[in-house]
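Single-structure report; data block below.
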Amino acid sequence: MRKIPEISQLIDILYQTKQIVVLTGAGISAESGIPTFRGEEGLWKQYRAEDLATPIAFIKDPKLVWEWYDWRRGIIASKKPNAGHKILGRWEKIFPNFILITQNIDGLHQKAGSKNILELHGNIWKVRCTEERTITENHDIPLEEIPPHCPDCGALLRPHVVWFGESLSSSVLYKAFQVSSSCEIIFSIGTSAVVQPAASLPLAAAEANAKIVEINPDPTPLTSYADFSFRGKAGEILPLINKELNKKLKDRKE
Ligand code: BJW
């Protein structure tokens with residue numbers, strides 16, 4: 001098995017850390033078979049974000065936008081959490097103050113057992129009434145009607161996700177900055193670190209003297225700020241870190 005020298009240093013820090021924050025992006029779900037947004041295989045190579053992931057696109061053509069989300073819901077529904085999701089689910093039980101902030105809307109972290117989650121960009125399994133703003137769960141695959149309408153008032157329903165140019169939930173964002181600015185270590189896993197305001201969370205943590213750990217096969221704008229930079233897939237690197245962490249925890253018990 002591959003040995004990465006930095007891991008033992010990271011474990012020493014993790015072992016003494018009380019506040020851990022993990023920020024995840026589409027890359028953590030890539031090994032589950034869910035496409036990322038950017039890069040050669042990313043959704044934005046095939047589709048234009050302006051046509052599908054903005055409020056203007058939805059006003060212009062709600063059917064087109066919903067067809068795209070219906071297609072993505074079909075893909076996501078058939079996918080399972082991978083080793084990366086599962087390890088983060090377990091860390092929540094090991095570390096007393098562990099918060100997971102995700103940009104992902106796929107719900108795979110919850111499927112892997114994570115509970116303490118801040119979903120920055122919403123959830124693809126929720127729909128929101130464009131008139132009443134009520135949010136409900138909807139797991140229909142395919143959707144019964146495209147575009148779907150609110151059963152109570154008949155108005156259009158929209159995916160409960162955050163599109164470009166839209167504000168994130170202020171309470172979720174406030175909490176995300178609060179925990180990032182008070183943690184001792186922040187992991188940035190599987191995100192290109194270009195979409196704001198999520199990309200600023202690790203920097204807010206660093207300003208408050210937290211260590212930054214990045215896990216990504218490719219460098220990102222965050223890489224030069226990272227104290228630990230693991231160049232690889234989340235589903236490979238997280239098990240390596242977890243293995244060393246378990247060894248250390250076992251030694252402590254003995
Ligand atoms: C692996 C891997 C493996 C592969 N293991 N890793 C300040 C400056 C400039 C612009 C702005 C700014 N503030 C706001 C903006 C505008 C905009 C923005 O940031 N634009 C930039 C792109 C320039 N932000 C917004 O509009 C946000 N709203 C906002 O801030 O409101 C106030 C405001 C508005 C306008 C102006 C100013 C203020 C909202 C952003 C909403 C993003 N929405 C989406 C769609 C969600 C719904 C859906 O899924 O349909 O969210 S876009 C898309 O990008 C999605 C993601 O959550 C998000 C981030 O992408 P992510 O997760 O990083 O994925 P990728 O594909 O980019 O990267 C994957 C990474 O994984 C890669 O690095 C791979 O290498 C790696 N990887 N395999 C580990 N196995």
Side-chain angles (χ1 to χ4, degrees), residues 1-25 27-31 81-104 108-110 112-120 175-191 193 198-220 222-254:
M1 179 173 282
R2 192 150 60 112
K3 275 249 173 203
I4 300 177
E6 278 177 316
I7 287 188
S8 61
Q9 280 170 274
L10 172 62
I11 299 300
D12 288 341
I13 297 172
L14 275 180
Y15 187 68
Q16 295 166 34
T17 299
K18 290 188 182 63
Q19 302 263 5
I20 300 179
V21 169
V22 174
L23 170 68
T24 62
I28 195 160
S29 295
E31 287 157 88
N82 62 53
H85 297 108
K86 288 179 193 166
I87 285 169
L88 296 181
R90 267 182 247 133
W91 282 7
E92 187 177 299
K93 296 188 181 86
I94 297 176
F95 296 106
N97 290 306
F98 179 90
I99 299 204
L100 180 57
I101 305 173
T102 189
Q103 297 167 84
N104 299 347
L108 286 193
H109 283 304
Q110 288 90 333
S114 289
K115 293 199 164 58
N116 212 357
I117 307 186
L118 295 173
E119 287 184 316
L120 292 178
K175 182 92 188 64
F177 271 101
Q178 193 187 39
V179 296
S180 301
S181 313
S182 57
C183 70
E184 293 160 85
I185 190 158
I186 186 162
F187 285 73
S188 176
I189 306 176
T191 174
S200 295
L201 293 169
L203 301 177
E207 259 180 41
N209 290 324
K211 301 274 186 224
I212 297 180
V213 183
E214 186 179 61
I215 302 177
N216 198 313
D218 295 326
T220 74
L222 184 68
T223 305
S224 58
Y225 299 93
D227 298 279
F228 296 90
S229 195
F230 296 106
R231 196 68 53 245
K233 294 181 175 178
E236 292 168 4
I237 302 292
L238 279 169
L240 291 176
I241 298 174
N242 192 52
K243 191 176 166 217
E244 294 302 314
L245 181 68
N246 283 340
K247 264 196 222 159
K248 183 105 178 172
L249 293 172
K250 203 170 152 223
D251 290 348
R252 182 168 64 177
K253 276 191 201 150
E254 287 168 1

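Since the structure is predicted, the reported quantities are computational estimates derived from the model, not experimental observations.
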For [X] and [Y], which heavy atoms make the closest approach, and how far apart are they?
X: Pro202; Y: Leu222; answer: CB-CD1, 3.8 Å
X: Ala205; Y: Ile186; answer: CB-CG2, 3.6 Å
X: Lys175; Y: Leu118; answer: CG-CD1, 3.7 Å
X: Asn82; Y: Ile28; answer: ND2-O, 2.8 Å

Is the shortest heavy-atom distance from the side chain of [X] to the side chain of [Y] under 4.5 Å?
X: Arg90; Y: Ile87; answer: yes
X: Leu240; Y: Phe230; answer: no
X: Leu120; Y: Leu23; answer: yes
X: Leu238; Y: Lys86; answer: no

Residues that Asn246 engages under side-chain hydrogen bond (donor to acceptor under 3.5 Å, both in side chains), provided they are two or more places apart: none
Test ring-ring contact (aromatic ring centres under 6.0 Å, His included) applied to Phe187 and Phe95, Phe228, Trp91, the passing residue: Trp91
Supply the atom-to-atom distance [X] [atom1] to [Y] [atom2], rounded to the nearest 0.5 angstrom.
X: Ile11; Y: Lys247; atom1: CD1; atom2: NZ; result: 9.5 Å
X: Thr102; Y: Gln110; atom1: OG1; atom2: CD; result: 8.0 Å
X: Leu245; Y: Tyr15; atom1: CG; atom2: OH; result: 10.0 Å
X: Ile237; Y: Ile7; atom1: CD1; atom2: CD1; result: 6.5 Å
X: Ile241; Y: Ser8; atom1: CD1; atom2: OG; result: 11.5 Å

Residue of the set Ile101, Leu201, Asn116 for which side-chain contact (heavy atoms from CB on, under 4.5 Å) holds with Val179: Ile101
Donor-acceptor pairs are to be reported for all side-chain atoms of residues 206-215 against protein atoms at under 3.5 Å, with residues two or more places apart or in another chain.
from   : atom 1 : to     : atom 2 : distance (Å)
Glu214 : OE1    : Thr223 : OG1    : 2.7
Glu214 : OE2    : Thr220 : OG1    : 2.5

Any donor-acceptor pair under 3.5 Å from Glu92 side chain to Lys115 backbone: yes
Under 3.5 Å: donor-acceptor pair, side chain of Gln19, backbone of Glu184: no
Ser29 and His109: side chain donor to acceptor below 3.5 Å: no
